[in-house]
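First comes the structure, then the notes that go with it.
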Amino acid sequence: MLLPILSLFFWMALAAVVGGWLWGGLASVLAALLVAIVCFGSMAWKLQRLERWLAGPDLNSDVLWRGLWLEIAQRMQRLIKQRDKQVAVHQQRLQHFLQAIQASPNGVTLLDEQGRIEWFNDTAAAHLGLDIRRDLLQHVVHLVRDPVFSRYFAQDQHDVEVVIEGRSVSVAHNVKLSVQLHTYGEGRQLLLTRDITSVALADAMRRDFVANVSHEIRTPLTVLSGFVETLQSIPLSEAERQRYLDLMAVQASRMQSLVADLLTLSQLEGSLPPGMSEKVSVQELMAQVASDAHSLSAVLSGQDGEQRGCVHELLFDTAPPWVLLGVRSELLSAISNLVSNAVRYTPAGGTIRVAWTRDAEQVILSVSDTGAGIAPEHLPRLSERFYRVDRSRSRETGGTGLGLAITKHVAQRHGGELRIESQVGKGSTFSLVLPTSRLQPQA
Ligand code: ADP
């Protein structure tokens, strides 16, 4: 910096000396002033160019930069480049940060000190029905119109989360949101939302299940304790005693079946999906199922006291020589449930047909009966636990209300499904459908 000032003084002095020598005293002052004006003018011009150049610096395109100006320009260019790099790094970090919040399965909404919405991720938009073009800088209480939320927002402390109704995608689907406010910075707030619909649903299902199990166990237990009391308090003849004991045995076996089915369900839920190593012979399976079906039909025929043997026409198509890759006990239980249901819900004299078919993608075991059939409104709920259409028939024949739930579970665990077709008055067909990947021709 010193050099240009010295050079300015040098040129002013030189101009004053030359001016004074040529034209006298006043000329020397004027010459020095002229040199100063030219120098400052040139400086101002260069500063203006520098200012314009800073807007889009390209030093190489400007051949006029020289000496000190070139140095200043180069330093500034370096500083600008450094600053640009830092800005780019910060912008990239901000982008990553926003992308991470976007990827969050929870809704995140940033509120300013007044509770106005500054930013929100897509999940929050879906949870609360927000629109980025419409709702920015709107007060959150005006948009989340839920009295529970309004009260919660008005509180000073937000230590616990509250549950509110979210925006539902469909009318049939009620969304439950868990909402919590967290304060950060100077009075700003972070609004976190979490979709807990499935958790709430699972909770309700668990409560229903416990209530159902208690009810199912209480009924035979009440009957049993009633008989025990009678046996203890009233003197009975040997025949009466035997009759009571038989009735007690029926209730006990009902409870046993229920506990066995509950255990099967919990095992299905708690174990890993079936592998492909266990080989199950379809012919062996069907031999056992057919024998059980004949016995069950005979037992049911004897319920009125008169034993008549098998009272259904049981048609088992010749079992194909196939091997299924899956868990034998599970497949046996699924197929037995379908066949025993057909026997239990088909009146004496009816026909039950069991057949295996396959196409390129599926292996299908179908169990058709000529029973009373099932009205269409019951079909979607049939495989729910404890759902029964014919409650008294189920009880009379020792049903637990869990058979189809087990069958559906087994089918799904093996990569298949349970299909139900039925027509009232004509009968039903229950099919266990498995993928052909589980089929292996018998060696
Ligand atoms: P349950 O032990 O009561 O038979 P399931 O889960 O096996 O329980 O069946 C659920 C309900 O579906 C039964 O209570 C019955 O009302 C109905 N159902 C099942 N199979 C048949 C069938 N083949 N024909 C008519 N109704 C059936």
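Every number for a ligand or one of its atoms is a count from 1 in the order of the listing. These numbers come from a predicted model, not from an experiment.
- Judged by the shortest distance from any of its heavy atoms, Gly401 lies inside the 4.0 Å radius around the atoms of ligand 1.
- The closest approach between a heavy atom of Arg393 and any atom of ligand 1 is not below 4.0 Å.
- Summary of contacts: the protein heavy atom closest to atom 7 (O) of ligand 1 is Asn341 ND2, 2.8 Å.
- Using a 4.0 angstrom heavy-atom cutoff, Ile374 counts as in contact with ligand 1.
- When hydrogens are left out, the protein atom nearest atom 5 (P) of ligand 1 is Leu404 N, 3.6 Å; that is the closest non-hydrogen contact.
- Ring planes of Trp322 and Trp356: perpendicular class, angle over 60° (limits at 30 and 60°).
- Ion pairing between Arg243 and Asp246 fails under the 4.0 Å rule for side-chain N and carboxylate O.
- For atom 14 (O) of ligand 1, the nearest non-hydrogen atom of the protein is Tyr345 OH, 3.1 Å.
- Ligand 1 places these atoms under 4.0 Å from at least one heavy atom of Thr400: 2 (O).
- When only interatomic distances are considered, the shortest N/O to N/O separation between Phe430 and ligand 1 does not fall below 3.5 Å.
- Considering Thr193, Thr109, Leu128 as possible partners of Val144, the one that fulfils the side chain to side chain contact (heavy atoms under 4.5 Å, CB included) test is Leu128.
- Set against the non-hydrogen atoms of Gly403, the atoms of ligand 1 under 4.0 Å away are 5 (P), 6 (O), 7 (O).
- Looking only at atom types and distance, the side chain of Asp195 has a donor-acceptor partner in the side chain of Thr197 under 3.5 Å away.
- Under 4.0 Å is where a charged nitrogen must lie from a carboxylate oxygen, and between Arg393 and Glu396 at least one such pair does.
- Residues Arg419 and Glu417 are paired through a salt bridge, judged by an N-O separation under 4.0 Å between the basic side chain and the carboxylate.
- Here is the list of ligand 1 atoms found below 4.0 Å of a heavy atom in Ser428: 24 (N).
- Close approach of ligand 1 to Val389 is summarised as follows: ligand atoms under 4.0 Å from at least one heavy atom of the residue are 14 (O), 16 (O).
- Ring geometry, Phe153 versus His139: the interplanar angle exceeds 60°, so the pair is classed perpendicular (tilted spans 30 to 60°).
- For atom 11 (C) of ligand 1, the closest non-hydrogen atom of the protein is Tyr387 O, 3.6 Å.
- The shortest N or O to N or O distance between Arg344 and ligand 1 is below 3.5 Å.
- Applying the 4.0 Å criterion to heavy atoms of Gly399 picks out, from ligand 1, the atoms 2 (O).
- With Asp369 contributing its side chain and Ser428 its backbone, the two residues share a donor-acceptor pair below 3.5 Å.
- Residues Arg395 and Glu216 are paired through a salt bridge, judged by an N-O separation under 4.0 Å between the basic side chain and the carboxylate.
- Atom 23 (N) of ligand 1 has Asp369 OD2, 2.9 Å as its closest protein atom, hydrogens excluded (heavy atom only).
- Shown here are the side chain to side chain contact (heavy atoms under 4.5 Å, CB included) partners of Ile132, two or more places apart in sequence or in another chain: Phe120, Leu136.
- The shortest contact between atom 3 (O) of ligand 1 and any protein heavy atom is with Ser394 OG, 2.6 Å.
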